[in-house]
Amino acid sequence: MAVLWRLKGVCAVNALPQDLFKQQAYVGGEWTQAQDGAVLPVCNPADGVLLGSVPALGAAETAAAVASAEAALPAWRGLPAKVRSRLLKRWFDLITARQRDLAWLLTLEQGKPLAEAQSEIAYGASYIEWFAEEAKRVCGDTLPAPVTGQRVLVFKQAVGVCAAVTPWNFPNAMIARKAAPALAAGCTFVVRPASQTPFSALALAELAHQAGIPAGVFNVVTGDADTVGRVLTEHPSVRKFSFTGSTAVGRKLMAQCASTVKKISLELGGNAPFIVFDDADLPAAVAGAVAAKFRNAGQTCICANRIYVQKNIYPAFAEAFTRAVSALRVGKGTDESSHIGPLIDGKALRRTQDLLADARARGGRVLCGGTHEGAFFAPTVLADAHDEMRLAHEEIFAPLAPLFCFDGEAEVLRRANATEYGLAAYVYSRDLARVFRVSEALEYGMVGVNTGVISNEAAPFGGIKQSGIGREGSRYGLDEYLEIKYVAVDGLSAGADAGGACAD
Ligand SMILES: NC(=O)C1=CN([C@@H]2O[C@H](COP(=O)(O)OP(=O)(O)OC[C@H]3O[C@@H](n4cnc5c(N)ncnc54)[C@H](OP(=O)(O)O)[C@@H]3O)[C@@H](O)[C@H]2O)C=CC1
Ligand SMILES: O=C(O)[C@H](O)CS(=O)(=O)O
């Protein structure tokens with residue numbers, strides 16, 4: 001049976017250059033199996049076909065990966081920043097050169113349309129390029145000492161061994177967004193990718209290897225989430241832990257990190273309000289809502305989760321938005337004409353169906369979609385949504401767009417902020433004073449004004465409240481992987497005792 005599995009897997013990915021399709025973990029610069037030979041299957045979410053498998057590493061093997069990162073740390077952080085920068089730039093160049101192959105692999109394991117997968121590869125690579133440049137700009141400080149003859153020096157140094165657990169929805173970019181600043185700062189890195197999408201991470205490891213990034217600096221471990229996760233969150237040598245995923249799991253991992261007081265970054269769930277005022281450019285708002293809602297089939301934490309439309313433009317918006325959504329084509333990601341791929345698994349499909357059923361039972365009206373074929377959920381617009389529905393409070397993570405109606409600014413702000421999440425929000429208005437009032441009043445880490453696309457490497461990506469801690473990308477993203485060291489120097493006054501210096 002296992003042989004058959006592998007045969008089918010090879011058939012499904014035989015279009016790939018085999019140097020990028022890796023079915024082993026990457027630890028200490030070596031490709032490795034689990035000691036007991038255990039493997040985890042990986043399937044294509046579009047049709048359930050087995051693509052291949054990856055090792056199910058255990059706790060001891062995960063600890064060995066941490067040990068590899070620890071052994072590589074002194075030499076890596078001791079390199080001149082310019083050398084680390086060059087190695088990251090070479091990694092960026094190799095990823096960019098293999099963008100199509102990496103996108104094909106990503107689409108096979110995650111399902112998103114090839115065009116989106118290619119964008120994700122470029123998006124992930126943009127973080128590596130950005131932090132290749134930032135590596136050379138880690139600067140300290142000299143501060144005025146309060147006492148004569150003293151100096152206050154501030155050094156910024158690499159945190160040390162870093163670990164990460166990443167999600168299935170951006171299997172390339174979420175790793176690049178963490179590994180790039182870590183390596184730029186002089187840290188070494190161990191990542192556990194989602195069990196459903198490990199191949200993109202392993203392909204990144206292959207290209208890191210080809211770029212000449214030394215053994216032990218970048219490691220990819222695969223295996224049971226809890227087993228591997230416990231080592232990465234509780235191992236005393238890991239000084240920094242970064243996670244992207246659900247708030248529920250983020251809380252658990254944050255608690256596990258407490259035992260060794262790790263520095264943590266968490267990028268968690270969202271419940272983004274998308275607010276359209278009656279003075280907005282309506283066609284632009286419709287296009288922005290489509291972009292913010294249906295990217296990755298709605299499976300991103302910054303997707304528009306609640307679309308609030310001011311009362312007097314609600315019918316016109318609903319009509320135009322439904323027309324645009326109805327034009328979205330659903331299909332396999334490998335079909336270049338597809339706009340919407342499959343949901344990641346059956347659990348996600350059932351959850352989406354439950355959210356829609358609840359909304360319809362509470363008076364919601366389906367304007368288009370509402371059906372599914374296998375894992376493919378049709379892009380759906382639901383009118384007459386209201387705050388008592390489950391989908392007003394839960395992260396939908398599917399191509400389901402509920403339209404809420406509102407009267408005035410104060411009301412919509414109160415409703416938009418009535419959530420434990422605080423990741424992204426969007427507002428469409430051409431009234432400059434209103435744009436500033438609303439942006440400043442929204443309790444979110446990121447606000448898109450007259451745009452539905454806010455992700456880029458130059459921006460500090462992250463949330464507040466229960467959407468996370470810390471920022472990724474931008475110059476702020478590097479600080480997550482640096483420690484500040486204060487050095488007090490005394491005895492510098494002219495003629496001060498030189499501390500035992502020999503007389504002339
Ligand atoms: N903020 C974001 O970007 C994301 C938010 N989500 C939200 O989370 C919901 C559930 O999606 P899901 O993929 O299940 O998200 P999870 O948070 O469950 O998974 C994210 C990552 O965490 C891992 N993980 C899960 N449990 C543990 C654990 N106990 N210890 C260590 N690692 C663990 C997963 O591994 P494994 O794959 O093996 O389960 C995966 O790699 C989505 O519907 C969405 O609402 C999901 C993904 C991204
Ligand atoms: O745009 C992004 O970076 C994605 O939204 C990332 S995630 O937060 O959804 O994983």
Side-chain angles (χ1 to χ4, degrees), residues 40-42 45 54 56 62 109-110 112 116 119-120 123-124 126-127 163-178 191-198 201 220-234 241-257 265-272 291-293 295-305 343-345 347-352 354-355 391 393-398 400 421-424 445-446 448 452-457 459-463 466-468 471-473 477:
L40 295 169
V42 183
V54 290
T62 305
E109 65 174 355
Q110 197 272 343
K112 66 180 70 175
E116 278 200 50
S119 298
E120 180 182 340
Y123 176 46
S126 72
Y127 285 103
V165 169
T166 52
W168 48 263
N169 61 341
F170 287 84
N172 172 288
M174 288 309 97
I175 291 176
R177 189 157 85 179
K178 299 173 190 303
V191 59
R192 180 210 174 266
S195 53
Q196 291 159 310
T197 55
V220 180
V221 295
T222 55
D224 171 69
D226 188 58
T227 304
V228 173
R230 278 201 179 279
V231 175
L232 299 184
T233 52
E234 296 175 352
F241 180 76
S242 180
F243 173 71
T244 292
S246 65
T247 294
V249 174
R251 289 192 194 103
K252 180 182 173 86
L253 299 182
M254 180 178 182
Q256 289 176 196
C257 287
S265 296
L266 300 174
E267 199 271 284
L268 306 177
N271 181 6
K293 176 69 238 183
R295 176 172 172 240
N296 201 12
Q299 299 172 116
T300 96
C301 62
I302 60 171
C303 279
N305 213 63
L343 294 177
I344 189 66
D345 57 23
K347 174 182 155 193
L349 174 65
R350 288 186 294 278
R351 188 170 167 282
T352 307
D354 291 347
L355 287 174
L391 49 64
H393 306 283
E394 297 179 34
E395 191 170 36
I396 296 168
F397 238 66
L400 167 56
Y421 292 108
L423 192 59
M446 301 177 283
V453 180
I454 58 175
S455 304
N456 62 72
E457 74 280 11
F461 189 105
Q466 298 191 38
S467 284
R471 292 296 181 270
E472 295 186 312

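Whatever order the structure lists ligands and atoms in, that order sets their numbers, starting from 1.
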Report yes if some N/O of [X] lies less than 3.5 Å from some N/O of ligand 1; otherwise report no.
| X | answer |
| --- | --- |
| E395 | yes |
| R351 | no |
| F243 | no |
| L268 | yes |
| R192 | yes |

Between [X] and ligand 2, which residue portion shows a heavy-atom distance shorter than 4.0 Å: side chain, backbone, both, or neither?
| X | value |
| --- | --- |
| I454 | neither |
| N169 | side chain |
| R295 | side chain |

(message) Please check: side-chain N/O of N296 versus main-chain N/O of N169, any donor-acceptor pairing under 3.5 Å?
(response)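 Yes; at least one donor-acceptor contact below 3.5 Å.
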
(message) Checking a contact table here: which protein heavy atom is nearest atom 27 (C) of ligand 1, and how many Å away?
(response)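 Looking only at protein heavy atoms, the one closest to atom 27 (C) of ligand 1 is V249 CG1, 3.7 Å.
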
(message) How far is atom 40 (C) of ligand 1 from the closest protein heavy atom, and which atom is that?
(response)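 Checked against all protein heavy atoms, atom 40 (C) of ligand 1 sits closest to T166 O, 3.6 Å.
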
(request) Let me see the working for S265 and K178 under side-chain hydrogen bond (donor to acceptor under 3.5 Å, both in side chains), right down to the final yes or no. (result) CA-CA 9 Å; S265 296; K178 299 173 190 303; over 6 Å; no

(request) Look at ligand 2 and say whether Q299 reaches it with a heavy atom at a distance under 4.0 Å. (result)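 No.
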
(request) May I ask you to list the atoms of ligand 1 that are less than 4.0 angstrom from any heavy atom of A225? (result)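 What qualifies from ligand 1 is 24 (N), 27 (C), 30 (N), 31 (C), 32 (N), 33 (C), 35 (O), 38 (O).
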
(request) Kindly indicate whether a cation-pi arrangement holds for R177 with F461, taking the cut-offs as under 6.0 Å to the six-membered ring centre and within 45° of the axis. (result)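 Satisfied, under 6.0 Å and within 45°.
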
(message) Within ligand 2, which atoms have a heavy atom of F461 less than 4.0 Å away?
(response)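 Heavy-atom distances to F461 below 4.0 Å select 1 (O), 2 (C), 3 (O), 5 (O), 8 (O).
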
(message) Nearest non-hydrogen contact with atom 3 (O) of ligand 2 belongs to which option: W168, Y123, F397, F170?
(response)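 The nearest heavy atom belongs to Y123.
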
(message) Going by the closest heavy atom to atom 17 (O) of ligand 1, which one wins out of G468, S246, A248?
(response)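 Result: the heavy atom closest to atom 17 (O) of ligand 1 is in S246.
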
(message) Please report the interatomic distance CD(E395) to OG(S467), rounded to the nearest 0.5 Å.
(response)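 If we round to the nearest 0.5 Å, E395:CD and S467:OG are 7.5 Å apart.
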
